[in-house]
Amino acid sequence: MMSYEMMRAGLSCAFFIESRDVRRFDSHNSRKNLWKEGAAIGNKDQTEMMQDDLWRPLHTFVEQLKNTEVGKTGDSLFDHTNIVLTSEFGRSIHGNVDGILSKTIGEAEKDAEIAGQDISAHWQVTSCAFLGGNVKGNSQYGRIGEKTLMAIPILPDGSLDPAYDALTGELKPGASQHPQSFVPNHGDIYATALALSDIDPQGRGKNDRPALKFIAKG
């Protein structure tokens, strides 16, 4: 709520807010912790923890912004705020055992190294959410293929590339990716956040990605 109080008092206009205990969610579990006696047990259910650390605080923050008027304009702070909710995911895990198996060490040492590998760190796909007065609400763009587990490319208007099966994520037989379709990355998110704040992202830093225009209200 410190961010809200500073915004209400007009003391600052931009904040980077991170979970107070990132490691609780980003568990980086090793192979030995995800299996027990040869059976997969997986990661612990983190739903309630994420409710406490992210969703409930976010709901409270947004509610406060919506219920706080900016001067006597009739606008709320939320009308003049952009929130970008994202993660630093989007990079692959490392669980290849070939390098360990080829080492000239004992089998017990190999087993220990394999069991200690961090295999739940990250995946190549991430997601992002925008909230704010300039954002087109109640909309979702892109999705993950249930078979490929990879992002399905989207067109410049935000719709899925029709060359891909919207359920499996696979290219349809005989189809080719649309020449204008793409998978957004962190550069697109950065540019979009600036554009939503009426800042032209062109030439801002080293990022050369354009804003996702379909995120903004028409």
Side-chain angles (χ1 to χ4, degrees), residues 1-28 43-91 120-144 151 158 183-218:
M1 288 297 99
M2 183 183 297
S3 298
Y4 162 73
E5 292 295 343
M6 293 183 72
M7 292 171 65
R8 181 186 61 78
L11 297 177
S12 190
C13 63
F15 302 91
F16 178 86
I17 305 174
E18 189 173 89
S19 170
R20 64 175 177 262
D21 193 348
V22 177
R23 187 59 63 202
R24 290 177 62 204
F25 174 71
D26 194 5
S27 57
H28 286 271
N43 280 306
K44 295 179 180 178
D45 186 341
Q46 299 175 321
T47 303
E48 189 59 30
M49 180 268 287
M50 290 304 295
Q51 290 284 0
D52 288 339
D53 285 5
L54 176 61
W55 298 118
R56 292 190 185 105
L58 179 63
H59 289 167
T60 301
F61 182 47
V62 170
E63 183 178 12
Q64 291 290 94
L65 293 175
K66 288 184 174 181
N67 291 327
T68 302
E69 185 178 8
V70 178
K72 297 186 181 297
T73 63
D75 294 340
S76 71
L77 269 177
F78 185 78
D79 293 327
H80 296 272
T81 299
N82 294 303
I83 300 173
V84 182
L85 179 66
T86 187
S87 77
E88 51 86 43
F89 281 15
R91 49 194 173 89
S120 64
H122 301 276
W123 181 229
Q124 299 173 28
V125 178
T126 187
S127 60
C128 175
F130 290 93
L131 300 83
N134 292 334
V135 176
K136 183 193 301 181
N138 302 314
S139 303
Q140 176 181 322
Y141 305 95
R143 61 179 298 165
I144 305 303
V183 174
N185 61 31
H186 293 84
D188 299 276
I189 303 308
Y190 174 73
T192 303
L194 290 177
L196 289 172
S197 302
D198 296 325
I199 299 173
D200 185 355
Q202 186 75 26
R204 300 283 176 174
K206 296 182 178 181
N207 180 45
D208 60 359
R209 298 294 301 171
L212 303 174
K213 296 183 179 180
F214 52 82
I215 298 294
K217 284 183 177 178

A.B. asks: How many angstroms lie between atom CG of D52 and atom CD of Q46, to the nearest 0.5 angstrom?
C.D. replies: 12.5 Å

A.B. asks: Decide yes or no for T86 and S127: does some side-chain heavy atom of the first lie under 4.5 Å from some side-chain heavy atom of the second?
C.D. replies: no

A.B. asks: For atom CD of Q202, decide whether the heavy atoms of other residues, nucleotides or ligands shown that lie under 6.0 angstrom number more than 12.
C.D. replies: no

A.B. asks: Can you confirm whether F130 sits close enough to N82 that some side-chain heavy atom of one is under 4.5 Å from a side-chain heavy atom of the other?
C.D. replies: no

A.B. asks: Spell out, as yes or no, whether a donor-acceptor pair under 3.5 Å connects the side chain of T192 to the backbone of Y190.
C.D. replies: no

A.B. asks: Let me see the working for Y4 and T60 under side-chain contact (heavy atoms from CB on, under 4.5 Å), right down to the final yes or no.
C.D. replies: CA-CA 10 Å; Y4 162 73; T60 301; over 6 Å; no

A.B. asks: Should we say atom CE of M2 is surrounded by more than 12 heavy atoms from elsewhere, each under 6.0 Å from it?
C.D. replies: no

A.B. asks: Measure the spacing between CG of L196 and CG of N134 and express it to the nearest 0.5 Å.
C.D. replies: 6.0 Å

A.B. asks: From S76 OG over to L65 CG, what is the distance, rounded to the nearest 0.5 angstrom?
C.D. replies: 7.5 Å

A.B. asks: Would you confirm whether Y141, through its side chain, and L212, through its main-chain N or O, come within 3.5 Å as a donor-acceptor pair?
C.D. replies: no

A.B. asks: In plain terms, say whether K66 and E63 are close enough for a salt bridge, that is, a side-chain N and a carboxylate O under 4.0 Å apart.
C.D. replies: no

A.B. asks: How long is the straight-line distance from SG of C128 back to CG of N185, given to the nearest 0.5 Å?
C.D. replies: 11.5 Å

A.B. asks: Under 4.5 Å between any side-chain heavy atoms of V135 and I215, yes or no?
C.D. replies: yes

A.B. asks: Just so I know, are the side chains of L85 and L54 near enough to count as touching, which here means a heavy-atom distance under 4.5 Å?
C.D. replies: yes

A.B. asks: Measuring from atom CD of E48 to atom CZ of R56, what distance do you get when rounded to the nearest 0.5 angstrom?
C.D. replies: 4.5 Å

A.B. asks: Which distance, rounded to the nearest 0.5 Å, do you find between the CD1 of I83 and the CZ of F15?
C.D. replies: 11.5 Å

A.B. asks: Provide the closest heavy-atom pair for P57 versus Q51 in the form atom of the first, atom of the second, distance.
C.D. replies: CD-O, 3.7 Å

A.B. asks: Quick one: does V84's side chain get under 4.5 Å of I189's, heavy atoms only?
C.D. replies: yes

A.B. asks: Can any side-chain N or O of Q140 pair as donor or acceptor with the backbone N or O of G142 at less than 3.5 Å?
C.D. replies: yes

A.B. asks: How far apart are the closest heavy atoms of A191 and R209, and which atoms are they?
C.D. replies: CB-O, 3.3 Å

A.B. asks: Looking only at non-hydrogen atoms, find the nearest pair between E69 and G74 and report the distance.
C.D. replies: OE2-N, 2.8 Å

A.B. asks: Before you tell me yes or no, could you show the steps for M7 and T68 under side-chain contact (heavy atoms from CB on, under 4.5 Å), namely the whole-Å CA-CA distance, both residues' side-chain angles and the distance that decides it to 0.1 Å?
C.D. replies: CA-CA 10 Å; M7 292 171 65; T68 302; over 6 Å; no

